[in-house]
Amino acid sequence: GLNYSQKNFYERTRIPYTAYTPENFRSFTDGYIENLNSSYTGITSIDKELVCRESVQAYNQIGDSLGVHRPFHQSPRVKTMLFTPLISMVGVTGSMAPFFCEFTLNGDLLPSQYPATYAHELAHLLGITSEAEANFYAYQVCTRSQAKDIRFSGYLSVLPHVLGNARRLMDEEEYAQLYRSIRPEMVVDRSHLEDSLPASLFKVCDLNDDGEDLHQVDQANDGDKDRHLHHERAGCHETAEGQGTRVSHEHLRRIYVEQ
């Protein structure tokens, strides 16, 4: 089994807390949408072995600086969920069983979903309990990849959270302007962007070992806090690393964990 006891994100990374401001959030969203649009690629298939190699390599690279354990071996095994059709009906994309140290992925995942979901569940295997932090690490892993399909999956995976926060924090005109700045190829299905539910499968959720839907709490106050914390951590990482493409990370973390 896994021992999940460890210091909190700020203590592990020594990244200073950065408070939310409307200016910082707008700077983040502008940079994020630009990166999302430029990373776009049509994905019709996925190389699962490549996803595994890229994820392991990235976790090895960020382990020390971002406070996550390095992978225990070079080829973490992932299993396909049993009863995939039923799992898809309730929108579960992956699960992690800490008592057995194994994780599973939904067999119906789209190619654009697979890399980020794999990296997310691998984060849980590496000792991350927080759904927000697992999203944060999956984003960090995928967007660092040299493989364009994996990189796009990383940016796309947080889009519903970014839009959800933007809709709450921006006025209507500002939000509409942000929404229109997204490439048309990614706004065909409005429900995918705004509710993460183009179909039941696309509701981003996870099961812990007891079968609890960890993302269902996103509809409650604790879920809002979890989404916002991921945004906040991304912005702190931005401050620590300086300006440029990494500028959005602490704001990205805040999207998940502290609203």
Side-chain angles (χ1 to χ4, degrees), residues 1-7 9 12-13 43 45-84 87-88 91-158 201 204-215 230 233 249 252-253 256:
L2 291 177
N3 182 352
Y4 281 118
S5 178
Q6 60 181 324
K7 296 179 180 179
F9 178 86
R12 297 197 315 268
T13 62
I43 308 177
S45 62
I46 194 67
D47 185 338
K48 296 181 179 181
E49 292 185 1
L50 177 62
V51 171
C52 175
R53 291 197 303 271
E54 290 283 299
S55 297
V56 168
Q57 178 180 337
Y59 274 114
N60 279 323
Q61 291 174 344
I62 69 175
D64 293 336
S65 61
L66 290 182
V68 62
H69 295 301
R70 296 170 184 265
F72 313 124
H73 46 79
Q74 296 303 304
S75 300
R77 182 186 178 189
V78 60
K79 296 181 178 180
T80 301
M81 285 181 160
L82 294 175
F83 312 113
T84 283
I87 294 297
S88 295
V92 175
T93 58
S95 68
M96 168 63 197
F99 293 111
F100 300 100
C101 291
E102 63 180 21
F103 62 100
T104 65
L105 299 182
N106 187 308
D108 289 338
L109 285 174
L110 296 177
S112 61
Q113 294 176 302
Y114 185 93
T117 307
Y118 179 96
H120 174 105
E121 298 303 336
L122 181 54
H124 288 313
L125 181 64
L126 299 180
I128 301 301
T129 57
S130 166
E131 291 300 306
E133 290 185 13
N135 285 336
F136 172 77
Y137 288 118
Y139 173 87
Q140 294 291 333
V141 164
C142 291
T143 57
R144 278 172 162 77
S145 176
Q146 296 301 307
K148 60 182 182 179
D149 291 355
I150 298 176
R151 189 165 58 251
F152 173 59
S153 177
Y155 284 113
L156 184 65
S157 67
V158 301
L201 172 61
V204 182
C205 57
D206 247 320
L207 294 179
N208 64 10
D209 206 45
D210 295 326
E212 178 187 3
D213 185 344
L214 297 176
H215 282 280
H230 178 69
R233 288 179 183 164
H249 292 341
L252 180 62
R253 170 204 172 274
Y256 294 108

Parallel, tilted or perpendicular: rings of Phe9 and Tyr137 (30°, 60°): tilted

Check [X] against [Y] and note the closest heavy-atom contact, atom names and distance.
X: Ile43; Y: Ser112; value: CD1-CA, 3.8 Å
X: Pro71; Y: Leu126; value: CA-CD2, 3.6 Å
X: Pro115; Y: Ile46; value: CG-CD1, 3.6 Å
X: Ala147; Y: Leu50; value: CB-CD2, 3.9 Å
X: Ala116; Y: Ser157; value: CB-CB, 3.6 Å
X: Ala119; Y: Val141; value: CB-CG1, 4.1 Å

Spatial distance of atom [atom1] ([X]) from atom [atom2] ([Y]) [nearest 0.5 Å]:
X: Cys101; Y: Arg77; atom1: SG; atom2: CZ; result: 13.5 Å
X: Phe152; Y: Cys142; atom1: CZ; atom2: SG; result: 12.0 Å
X: Tyr139; Y: Arg151; atom1: OH; atom2: CZ; result: 11.5 Å
X: Ile87; Y: Leu82; atom1: CD1; atom2: CG; result: 8.5 Å
X: Ile128; Y: Asn135; atom1: CD1; atom2: CG; result: 11.5 Å
X: Arg70; Y: Gln61; atom1: CZ; atom2: CD; result: 9.5 Å

Tyr59 vs Leu125, side chain to side chain contact (heavy atoms under 4.5 Å, CB included): CA-CA, chis, key distance, verdict: CA-CA 12 Å; Tyr59 274 114; Leu125 181 64; over 6 Å; no

Residue pair Cys52, Tyr118: steps toward the side chain to side chain contact (heavy atoms under 4.5 Å, CB included) verdict: CA-CA 8 Å; Cys52 175; Tyr118 179 96; 3.3 Å; yes

Side chain to side chain contact (heavy atoms under 4.5 Å, CB included) between Leu66 and Gln140, intermediate numbers included: CA-CA 9 Å; Leu66 290 182; Gln140 294 291 333; 3.9 Å; yes

Derivation and outcome, side chain to side chain contact (heavy atoms under 4.5 Å, CB included), residues Thr84 and Ser88: CA-CA 6 Å; Thr84 283; Ser88 295; 3.9 Å; yes

Close side-chain approach of Gln6 to Val68, heavy-atom, < 4.5 Å: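 The answer is no; the side chains never approach within 4.5 Å.
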
pair Pro111-Asp149: side-chain heavy atoms closer than 4.5 Å: no

His120, His124, Arg12 screened by side-chain hydrogen bond (donor to acceptor under 3.5 Å, both in side chains) with Glu133, the one that passes: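 Passing option: Arg12.
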
